[in-house]
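Here's the structure, in structure tokens; my notes come after.
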Amino acid sequence: MLTLKYITENSEEVIVRLKKKNFDGATIIAQVVERDVLRKSTQTQLDNTSSEMNKLSKEIGLLFKQGKHAEASTAKERTAELKESVKVFDEKLSAIEQKLNELLVLIPNLPHASVPEGKHAEDNLVERSGGVMPTLPADAVPHWDLAKKYDLIDFELGVKISGAGFPVYKGKGARLQRALINFFLDSAREAGYLEIQPPYVVNAASGYGTGQLPDKEGQMYHCTIDDLYLIPTAEVPVTNIYRDVILDEKELPIKNTAYSACFRREAGSYGKDVRGLNRLHQFDKVEIVQIQHPDKSYESLNEMVNYVQTLVEKLELPWRILRLCGGDMGFTSAMTFDFEVYSAAQQRWLEVSSVSNFESYQANRLKCRFKGSDKKTQLCHTLNGSALALPRIVAALLENNQTPEGIRVPKALIPYMGMEIID
RNA sequence: GGAGAGGUGCUCGAGUGGUUGAAGAGGUACGCCUGGAAAGCGUAUAUACGGUGUGGAAUCGUAUCGAGAGUUCGAAUCUCUUCCUCUCCGCCA
């Protein structure tokens, strides 16, 4: 969330900038500002009353020590009223703070100045693109047919065991998964990321820390008996490592990578583009996360985008990078680049990565701060990106590389696959 | 799952109702000392919010001793709830 201080001190600017995200913030910002004034005055009242109370208590203690029991009893009587006031102010303050917090989580992050205007995905700008569009044989088929032909993925079996959206990878299909995961992890490590193996279920505090809760509760699988959530991305557990942490400036940037299975309920997204591997309830992904100094977070964003680009290039897929417009960006992001690869048989661009700078929006919730040489504590900037999500990469690899002899394995993957062709 | 012990500052560790935001030690930072270093000496070393205030120097107040609630004029210290850790037993990959 945005910091209360920033909102109250720059309320006009905040309202203007939020417009780019198609968010009309005038009313809610006004409510925040109003309640903040109330918060401050209530806090002052509470502090003053508590202060009096503390003073009086000390006096009573002193009187008792001196054996002046009568005077102590008289003093005690005076505390009753104060005590009541403290209680009233305290409850009032808590109520105000709770309401303020409820308002704050409804306000999205401010888009960076370079984020283009726009309302929908069609307004995103193509930043750059590369790779060679494949020329497919006349009888080319989409990946779900190829998966069946070479017995790589069994969607029906997944339905039997779990339900739609839980495919079973078999044989060379399973091996391809493992090859991609290892390729992505090794590449990330070589790029300076520390490999992490996080838990796949998280508590509510973690879900709240990265913003999945409370707004996106319905999108996560919830184990109610233990009140734990299946992670929708490794971003959640990895970023929460740094919840309630004050880092030393010298530790920045922190670069972590993690493979995890990802679980998404995808409630309400049935019917559209869900065939094959395009949209799943469980999928595999390698994530990269950075915690960075605010002055350098856009350098890091750039670095991360360039890094992801090397991955799609090594996989020899046609790719393009989109600079998301204000209306298509995530709630918590200040700037996002999406990566898409072309899936030739479906003749569609598939999103395979989303790289974002959250600036201090996420860090404010997480209370992830750093202390510099000036001894001042301030919020870090957090960034993350997929590097990469597997299913759509697999879809594009299968479709684009289909030949009469089988599926050609890109050079970079051959050592991981142990074969040049899937047949 | 059963029985017991415990959760205090960057770390260790004292503290069982009254100037305890918290002894002591270690670590770290700065200063002194030294040709340099060690030792030694001195100083500093949490966070959040609020008030006064300045070139975001200071200074005061409030809250925080796992978390939440309670008892009390007053709680790190007592009570309850909850989470977590450790030991023993049971079960098990």
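This structure is a prediction, so every number in the text was calculated from the model and none was measured.
Considering only the side chain of A/Ser50, B/A63 comes nearest among B/U47, B/G74, B/A63. Closest to the side chain of A/Ser51, from the set B/U62, B/U47, B/U72, is B/U62. Of all nucleotides listed (B/U72, B/U62, B/G51), B/U62 comes nearest to the side chain of A/Asn54. Checking B/C73, B/G51, B/U47 against every side-chain atom of A/Ile246, the shortest atom distance belongs to B/U47. When distances are taken from the side chain of A/Ile60 to each of B/U47, B/C73, B/G50, the shortest belongs to B/C73.
Nucleotides of RNA chain B nearest to A/Lys87 and A/Ala80 differ in position, and the one nearer the 5' end is that of A/Lys87. Projected onto RNA chain B by closest heavy-atom contact, A/Thr44 and A/Leu56 fall at different nucleotides, the more 5' of which corresponds to A/Thr44.
Checking A/Glu399 against A/His143 by side-chain atom types alone, a donor-acceptor pair falls below 3.5 Å. Under 3.5 Å, the side chains of A/Gln177 and A/Asp284 contain a donor-acceptor pair of N or O atoms.
The CG atom of A/Leu82 sits 15 Å away from the C1' atom of B/U62 (whole-angstrom rounding). In this structure, A/Lys250 atom NZ and B/C10 atom P are separated by 17 Å, rounded to whole Å. Atoms NZ (A/Lys371) and C1' (B/C10) sit 10 Å apart, rounded to a whole Å. Atom CG of A/Asp47 and atom P of B/G61 are 11 Å apart (whole Å). Per the geometry, CG belonging to A/Asp244 stands 18 Å off P belonging to B/A46, to the nearest Å. A/Glu52 places its CD atom 17 Å from the P atom of B/C73, with the value rounded to the nearest Å. When rounded to the nearest whole Å, the span between CZ of A/Phe89 and P of B/G61 equals 20 Å. Between the CD atom of A/Gln43 and the P atom of B/C49 there is a distance of 10 Å, given to the nearest Å.
When side chains are defined from C-beta on, A/Met335 counts as touching A/Arg323, because their heavy atoms get closer than 4.5 Å. Side-chain contact check for A/Leu366 versus A/Tyr242: every heavy-atom pair is 4.5 Å or farther apart. A/Gln309 has its side chain within reach of A/Asn306: a pair of non-hydrogen atoms, C-beta onward, lies under 4.5 Å apart.
Aromatic ring orientation, A/Phe183 versus A/Tyr416: perpendicular (interplanar angle above 60°, classes split at 30° and 60°). Between A/His293 and A/Phe370, the ring planes are tilted. Angles from 30° to 60° get that label. Using cut-offs of 30° and 60° for the angle between ring planes, the A/Tyr221 and A/Phe166 rings count as tilted. Using cut-offs of 30° and 60° on the angle between ring planes, the pair A/His222 and A/Tyr229 is parallel.
Within a 6.0 Å sphere centred on CD of A/Glu81, other residues, nucleotides and ligands contribute 12 heavy atoms or fewer.
B/C73 is paired with B/G18 under the criterion used here, namely a Watson-Crick or G-U wobble arrangement in which both key atom distances are under 3.5 Å. Nucleotide B/A25 forms a Watson-Crick or G-U wobble pair with B/U11, both donor-acceptor distances falling under 3.5 Å. Applying the Watson-Crick and G-U wobble criteria (two distances, each under 3.5 Å), B/C41 pairs with B/G31. Using N1 to N3 plus N6-O4 or O6-N4 for Watson-Crick, or N1-O2 and O6-N3 for G-U wobble, each under 3.5 Å, B/G56 pairs with nothing. Pairing for B/C86 goes to B/G4, judged as Watson-Crick or G-U wobble with the two contacts each under 3.5 Å. Here B/G36 sits opposite no nucleotide as a Watson-Crick or G-U wobble pair (both hydrogen-bonding atom distances under 3.5 Å). The partner of B/G68 is B/C80, judged by Watson-Crick or G-U wobble contacts that both fall below 3.5 Å. B/U47 is paired with B/A63 under the criterion used here, namely a Watson-Crick or G-U wobble arrangement in which both key atom distances are under 3.5 Å.
Going from the P atom of B/G6 to that of B/A14 covers 12 Å, rounded to whole Å. A distance of about 16 Å separates the P atoms of B/U8 and B/G68, rounded to the whole Å. Taking atom P on both B/A93 and B/G4, the two are 29 Å apart, rounded to the nearest angstrom. Comparing the P positions of B/G21 and B/G61 gives an interatomic distance of 11 Å, to the nearest angstrom. Taking the P atom of each, B/A46 and B/G9 are spaced 13 Å apart, rounded to whole Å. The separation of B/U11 from B/G27, taken at their P atoms, amounts to 15 Å, rounded to a whole angstrom. Comparing the C1' positions of B/U77 and B/U72 gives a spacing of 13 Å, expressed to the nearest Å. A distance of about 15 Å separates the C1' atoms of B/U20 and B/A63, rounded to the whole Å.
In the region residues 202-209 of chain A, proximity to RNA chain B at under 4.0 angstrom, judged on heavy atoms, holds for none of the residues.
Residue contacts for A/Thr377: at a heavy-atom cut-off of 4.0 Å it reaches the sugar-phosphate backbone alone, with no base atom in range. Residue-level contact check: A/Lys76 touches the bases, meaning some heavy atom is under 4.0 Å from a base atom. At the heavy-atom level, A/Arg78 lies nowhere under 4.0 Å from the strands shown. The residue A/Thr79 sits close only to the backbone: its heavy atoms come under 4.0 Å of sugar-phosphate atoms, none of a base.
Here the CG atom belonging to A/Asp154 is positioned 9.5 Å from the NZ atom belonging to A/Lys160, to the nearest 0.5 angstrom. For the atom pair CG (A/Leu277) and CD1 (A/Ile153), the distance works out to 4.0 Å, reported to the nearest 0.5 Å. Distance CG/A/Leu324 to CG/A/Asn124: 4.5 Å, rounded to 0.5 Å.
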What N/O pairs connect the protein and nucleotides 54-56 of chain B at under 3.5 Å? Give each pair on its own line.
residue, atom, partner, partner atom, Å
B/G56, N2, A/Lys376, NZ, 3.4

